[in-house]
Trainee: 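Would you mind keeping the following structure in view while I ask a few things?
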Amino acid sequence: MLLSVAINSYKNPEMLKLCLRSVRKAISYVKGDVEILVADGGTQEDTQMMMREEFPDVRFFAEKRNIGFGGLVNRCLEEARGEYIFLLNYDISLEEKTISDLLNFLQGHSDVGIVGPELRNFDGSSQVSAFRFYRPMTIAYRRTFLGKTSWGKRHLDWFVYRDRDLNAMQEVDWIMGSALMVSREAYKEVGGMDRRFFMYMEDVDWCRRFWEKGYKVVYYPKTYAYHYHGKVSARGGFLTSLLFNKFTWIHISSAVKYFWKYRGKSNIFSGRANT
């Protein structure tokens, strides 16, 4: 089989339906066998019913509990049968050529392990989805008043590549895990997402591991997809989120695990420095 389109989903059947409809349209432009699968966390009856009645051709894997983003992605990777695997969040809606464009690029570049499209808001504006690797201060600048300072702003501009033209295809440190296409060959060498991350930092860590194995990570804005990006860990301001938002604490916890995992290691991959 040429391609697996693998969607991770969590308690939002209506948004999953929109995603699946866009996937069905997009795979019609792919020349080769394609399968669609969904791994759903904390599965509820309305989602199961929708999948049975409206998408009987989709391979559906229900998880009774919430196993986290990385857990759902890994379930998709384990079940996928394609030579290439397109990993999607359920809150993504594709353009007609999104899949075929990414697939054609990846087929022609065996040195690339991960490629991702530009992500857009539903009003057509671009989302930031390509990043440099975190430094410890990145978390502080993103989550506190320090990000409003001149040096904080400079660091955050560096973090999101404001010194580059992101309208051009290019190698980047990591791309958001909402829409990633990988080759099976590269994935098998690198392995799945690290299960120590329940939510947040899995995509950062995964891209880093691809670089460590000699595979490039490429941001490919020649094609795009729409992304409903809720930013649940950032709601309410710093003090409110710190006191009452569990996603803030999950993010901070994942960041601590990430920095501990890579303590003492420099950000250098395939001979290129993270400058």
Trainee: Please determine whether residues V128 and Y161 belong to a single hydrophobic cluster, defined as Ile, Leu, Val, Met, Phe, Trp and Tyr linked transitively by side-chain heavy-atom distances below 4.5 Å.
Mentor: yes

Trainee: Could you tell me whether the side chain of V30 reaches within less than 4.5 Å of the side chain of K97, counting heavy atoms only?
Mentor: no

Trainee: Salt-bridged, K222 to D101, with N to O below 4.0 Å?
Mentor: no

Trainee: Step by step, would you call Q170 with R164 a side-chain hydrogen bond (donor to acceptor under 3.5 Å, both in side chains)?
Mentor: CA-CA 10 Å; Q170 58 197 281; R164 293 191 187 178; 3.1 Å; yes

Trainee: Tell me, with the steps shown, if E95 and T223 meet side-chain hydrogen bond (donor to acceptor under 3.5 Å, both in side chains).
Mentor: CA-CA 8 Å; E95 280 294 288; T223 194; over 6 Å; no

Trainee: I'd like to know if E171 pairs up with K216 as an ion pair, taking the criterion as any Lys NZ or Arg NE/NH1/NH2 lying under 4.0 Å from an Asp or Glu carboxylate oxygen.
Mentor: yes

Trainee: Grab the two heavy atoms, one from M1 and one from V34, that are nearest each other, plus how far apart they are.
Mentor: SD-C, 4.3 Å

Trainee: If the condition is salt bridge (charged side-chain N to carboxylate O under 4.0 Å, His left out), which residues does K188 pass it with, not counting sequence neighbours?
Mentor: none

Trainee: Hey, mind stepping through R184 and E189 against salt bridge (Lys or Arg N to Asp or Glu O under 4.0 Å) and telling me if it holds?
Mentor: CA-CA 9 Å; R184 173 173 295 279; E189 185 173 348; over 6 Å; no

Trainee: Check this for me: does any side-chain nitrogen of one of R120 and E118 sit under 4.0 Å from a carboxylate oxygen of the other?
Mentor: yes

Trainee: Side-chain contact test, heavy atoms from C-beta onward, threshold under 4.5 Å: evaluate it for Y134 versus I139 and give yes or no.
Mentor: yes

Trainee: Distance-only criterion, 3.5 Å: show the donor-acceptor pairs between side-chain atoms of residues 9-21 and protein atoms not counting sequence neighbours.
Mentor:
residue : atom : partner : partner atom : Å
S9      : OG   : D40     : OD1          : 2.9
N12     : OD1  : M15     : N            : 3.1
K17     : NZ   : E54     : OE2          : 3.3

Trainee: Between E202 and K257, does at least one N-O distance fall below 4.0 Å, as a salt bridge requires?
Mentor: no

Trainee: Nearest 0.5 Å, please: how far is NZ in K261 from CZ in R209?
Mentor: 5.0 Å

Trainee: CD of E78: more than 12 outside heavy atoms within 6.0 angstrom?
Mentor: yes

Trainee: Do L87 and C76 make a side-chain contact, defined as non-hydrogen atoms from C-beta onward lying under 4.5 Å apart?
Mentor: yes

Trainee: Check whether the side chains of Y262 and D205 place a donor and an acceptor atom closer than 3.5 Å, and report yes or no.
Mentor: yes

Trainee: Within this structure, what is the CD1-SG distance for the pair I114 and C207, rounded to the nearest 0.5 Å?
Mentor: 4.0 Å

Trainee: Would you kindly check if the NZ (Lys) or CZ (Arg) of R196 is within the cone defined by 45 degrees around the ring axis of W260 and under 6.0 Å from the six-membered ring centre?
Mentor: no

Trainee: For the OH atom of Y226 and the CG atom of L119, what is their distance to the nearest 0.5 Å?
Mentor: 12.0 Å

Trainee: Hydrophobic cluster mates of L37, side-chain heavy atoms under 4.5 angstrom, ILVMFWY only, any path?
Mentor: F61

Trainee: Which word best sums up how the rings of W206 and F210 line up, parallel for under 30°, tilted for 30 to 60°, or perpendicular for over 60°?
Mentor: perpendicular

Trainee: So, does E35 use its side chain to make a donor-acceptor pair with the main chain of R81 at under 3.5 Å?
Mentor: yes

Trainee: Is it true that, when you exclude R65 itself, more than 12 heavy atoms of the residues, nucleotides or ligands shown sit nearer than 6.0 Å to its CZ?
Mentor: no

Trainee: Just wondering, do F122 and H227 contact through their side chains at under 4.5 Å, heavy atoms?
Mentor: no

Trainee: Decide if the gap between the ring center of Y215 and the ring center of W211 is smaller than 6.0 angstrom.
Mentor: no

Trainee: Going from OG on S183 to CD1 on I85, what distance comes out if it is rounded to the nearest 0.5 angstrom?
Mentor: 8.5 Å

Trainee: Indicate yes or no: at least one non-hydrogen side-chain atom of N8 is less than 4.5 angstrom from one of V38.
Mentor: no

Trainee: Quick one: do K153 and D157 make a salt bridge, cutoff under 4.0 Å?
Mentor: no

Trainee: How many angstroms lie between CG in L3 and CG in D33, if you round to the nearest 0.5 Å?
Mentor: 10.0 Å

Trainee: Say whether R263 and Y258, considering side chains only, have a donor N or O and an acceptor N or O under 3.5 Å apart.
Mentor: no

Trainee: Can you list everything that forms a ring-ring contact (aromatic ring centres under 6.0 Å, His included) with F105? Sequence neighbours excluded, please.
Mentor: H109, Y220

Trainee: Within a radius of less than 6.0 Å around NZ of K25, do more than 12 heavy atoms belonging to other residues, nucleotides or ligands occur?
Mentor: no

Trainee: Could you check whether any side-chain heavy atom of N89 comes within less than 4.5 Å of a side-chain heavy atom of I7, counting everything from C-beta outward?
Mentor: no

Trainee: Show the nearest heavy-atom pair for residues T98 and Y224, with the distance to one decimal.
Mentor: OG1-O, 2.7 Å

Trainee: Under 3.5 Å, side chain of S22 to main-chain N/O of S93, donor-acceptor pair present?
Mentor: no

Trainee: Shortest non-hydrogen contact from I175 to G116?
Mentor: CD1-N, 3.3 Å

Trainee: Hydrophobic clusters here meaning ILVMFWY residues chained together by side-chain heavy-atom distances under 4.5 Å, can you tell me if W151 and L156 are in one?
Mentor: yes

Trainee: Where is the tightest heavy-atom contact between A179 and P117, given as atom of each residue plus distance?
Mentor: O-CD, 3.4 Å

Trainee: With sequence neighbours excluded, tell me which residues meet ring-ring contact (aromatic ring centres under 6.0 Å, His included) with F69.
Mentor: none

Trainee: Quick one: CG on L94 to CG on L88, what's the gap to the nearest 0.5 Å?
Mentor: 5.5 Å

Trainee: Look at D194 together with R208 and state whether they make a salt bridge at an N to O cut-off of under 4.0 Å.
Mentor: no

Trainee: Looking at V112, L106, L102, which one forms a side-chain contact (heavy atoms from CB on, under 4.5 Å) with V218?
Mentor: V112

Trainee: Looking at S125, is its backbone amide N or carbonyl O close enough to the side chain of D123 to form a donor-acceptor pair, meaning the two atoms are under 3.5 Å apart?
Mentor: yes

Trainee: With heavy-atom distances below 4.5 Å as the criterion, would you say the side chains of L166 and Y219 are in contact?
Mentor: yes

Trainee: Any chain of hydrophobic side-chain contacts (each under 4.5 Å) joining I92 to L72?
Mentor: no

Trainee: Any side-chain heavy-atom pair from E185 and V190 closer than 4.5 angstrom?
Mentor: no

Trainee: Give a yes or no answer on whether the side chain of S4 reaches the backbone of A6 with a donor-acceptor pair at less than 3.5 Å.
Mentor: no

Trainee: At their closest point, which heavy atom of F131 faces which heavy atom of D173, and how far apart are they?
Mentor: O-CB, 3.2 Å

Trainee: Any ring pair (Phe, Tyr, Trp, His ring centres under 6.0 Å) pairs touching residues 72-98, not counting sequence neighbours?
Mentor: none

Trainee: Tell me whether R59 contacts the main-chain N or O of E79 through its side chain, where contact means a donor paired with an acceptor under 3.5 Å.
Mentor: yes

